[in-house]
There are 2 protein chains.
Amino acid sequence: MDELIQIMVVDDHHIVRQGLVALIGTLPDMKVVAQASDGSEAVDLYRVHRPDITLMDLRLPKQNGVEAITHIREEFPSARIIVLTTFDGDEDIYRALQAGAKGYLLKGMNADELTDAIRTVHGGKSRIPAVVAERLAERMGGPSLTGRELDVLKRIVGGRSNKEIASDLFISEATVKTHINSILSKLGVNDRTQAATTALQRGIVHLD
Amino acid sequence: MDELIQIMVVDDHHIVRQGLVALIGTLPDMKVVAQASDGSEAVDLYRVHRPDITLMDLRLPKQNGVEAITHIREEFPSARIIVLTTFDGDEDIYRALQAGAKGYLLKGMNADELTDAIRTVHGGKSRIPAVVAERLAERMGGPSLTGRELDVLKRIVGGRSNKEIASDLFISEATVKTHINSILSKLGVNDRTQAATTALQRGIVHLD
DNA sequence: AGAATACTCCACCAAAAGGTTGAGGCCCTA
DNA sequence: TAGGGCCTCAACCTTTTGGTGGAGTATTCT
């Protein structure tokens, strides 16, 4: 190991950054060269430091993790980014992987898992747990919501009635019902309340 | 400062513990004497180490934070516990404060806020943000759900219909409707979907 | 004992939501 | 250009949900 692996840490929680820095500080072959606390800062600092590896939380202010990953990889297609997340089963994980993330870690991981992932991804390989890979495949095959259906679903979660959704989106209530029908069947649920909770559970929409 | 403030850190995320330890390690007047990753371990380690201050996450495996706080303060009424949480507006915060927590911090805090809180609580005072104190007062005054209403609300969040809830709880559908009526008015919402999402938002129930 | 609270249930009604079928317009791609 | 996906809308029907008012029982607190 001649050269240290240069790492950027992106997380809005000071403590988590501190933890990652502390953890990485104990390792001989890597070091943290930059820290960002939101998505825009992450993009800016990436340009400046060009880290070998970026550890990125998905829930961020200003610009979320997926957007940040997208922007970074537009400019630097070779960027190696590992997603860090608190929540298992979050839809955003899949979006992040599609946006070009090369690894995925839960915050509950231990030090070995972290360093493994960093070294693996730095070596040019991917580090995605089998379970996630499976679900990613499933998801690809599975039905995905259209843009309009997402609009409606978000408002269902927001507690809006069909009539309100109709006027929100400038469409008729009949159309709203049509969309809801396909949402329910695509999500495999029976009513709007189930749609709301499974959408939250799968991370398709967030409460923020 | 003759004696170091002895601190126990309780969090299931290794990284967060590491971050807290690292942060506290830079301070001259305090040190971490124990770390626990779940509620039961926290209770056990409290008995052994009797820390001056306990920093406790609320979402924990085995025994959640509120339970752990309750148990610790049953045995050691003078225990000084500061709640650490990721989520603002979580109902559990209020439960934790009622269970005897003396302070409350979001994980997004900075180092100064943390040390402030630790020193304040160690000095025997409380450290609860004005906003939270207000809402705590509101909550006390505000209507609270009865046990049965909670049973029903949980099932609403679970996506069950009135009929299903009735058979779940061995009561008639009419009774379910009665409960739902008071749930809706107590939560100040118009329908079950709103009830579900605001219950989740306020942390009255969780998806887990 | 009386009041308050929680839990149970009924009836009736109105509104909202969900299921089904069919159909026209738009845009993109094979 | 023909099909496919998406968005739009309509009519019709059934089921579910929510609103209102009343009522009986058990328990607990005063």
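Residue numbers start from 1 in every chain, and the chains themselves are labelled A, B, ... in the order their sequence lines are given, proteins ahead of strands. Computed from a prediction, not measured in an experiment: that's the story for all the values here.
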Regarding Glu41(B) and Ser37(B), is there a side-chain donor-to-acceptor distance under 3.5 Å anywhere?
yes
Donor-acceptor check, side chain of Asp52(B) to backbone of Gln6(B), threshold 3.5 angstrom: yes or no?
yes
NA contact type, Thr146(B), heavy-atom cut-off 4.0 Å: base, sugar-phosphate, or nothing?
sugar-phosphate
Can you name the nearest heavy-atom pair linking Ala117(B) to Leu105(B), along with the distance?
CB-CD1, 3.8 Å
Check DNA chain D against residues 177-190 of chain A and give the residues with a non-hydrogen atom under 4.0 Å, in numerical order.
Thr178(A), His179(A)
Any idea which heavy atoms bring Ala199(B) and Leu153(B) closest together, and the distance?
CB-CD2, 3.9 Å
State, to 0.1 Å, how close Ile69(B) and Ala99(B) come at their nearest heavy-atom pair, and which atoms those are.
CG2-O, 3.6 Å
Heavy-atom contacts under 4.0 Å between residues 153-173 of chain A and DNA chain C, which residues?
Ser161(A), Asn162(A), Lys163(A)
Chi angles and distances behind the side-chain hydrogen bond (donor to acceptor under 3.5 Å, both in side chains) call for Asp151(B), His179(B)
CA-CA 10 Å; Asp151(B) 290 339; His179(B) 289 314; over 6 Å; no
Salt bridge flag under 4.0 Å for residues Arg119(B) and Asp29(B)
yes
What integer distance in Å separates Arg148(B):CZ from dT27(D):C1'?
16 Å
Students should find that the end-to-end axis angle of the helix from dA1(C)-dT30(D) to dA30(C)-dT1(D), with five pairs defining each axis and rounding to 10 degrees, is 40°
Short question: side chain of Glu149(B), backbone of Leu145(B) - any donor-acceptor pair under 3.5 Å?
no
Not counting sequence neighbours, which residues clear side-chain contact (heavy atoms from CB on, under 4.5 Å) with Lys154(A)? List them please.
Val205(A)
Which heavy-atom pair separates Leu184(A) from Ala195(A) by the least distance, and what is that distance?
CD2-CB, 4.0 Å
Could I get the full list of side-chain contact (heavy atoms from CB on, under 4.5 Å) partners for Glu67(B), not counting sequence neighbours?
Gln63(B), Asn64(B)
Would you grab the first and last nucleotide of DNA chain C (5' to 3') that comes under 4.0 Å of any non-hydrogen atom in chain B?
dA6(C) to dC10(C)
Within the pair Thr175(A) and dC7(D), is there a side-chain N or O less than 4.0 Å away from OP1 or OP2?
no
In terms of the nearest nucleotide of DNA chain C, which residue is placed more toward the 5' end: Gly147(B) or Asp191(B)?
Gly147(B)
Decide side-chain hydrogen bond (donor to acceptor under 3.5 Å, both in side chains) for Thr175(A) and Ser172(A); before the verdict, give the C-alpha distance in whole Å, the side-chain angles of both, and the deciding distance to 0.1 Å.
CA-CA 5 Å; Thr175(A) 306; Ser172(A) 82; 3.2 Å; yes
Report yes or no: do Asp92(A) and His206(A) form a side-chain donor-acceptor pair below 3.5 Å?
yes
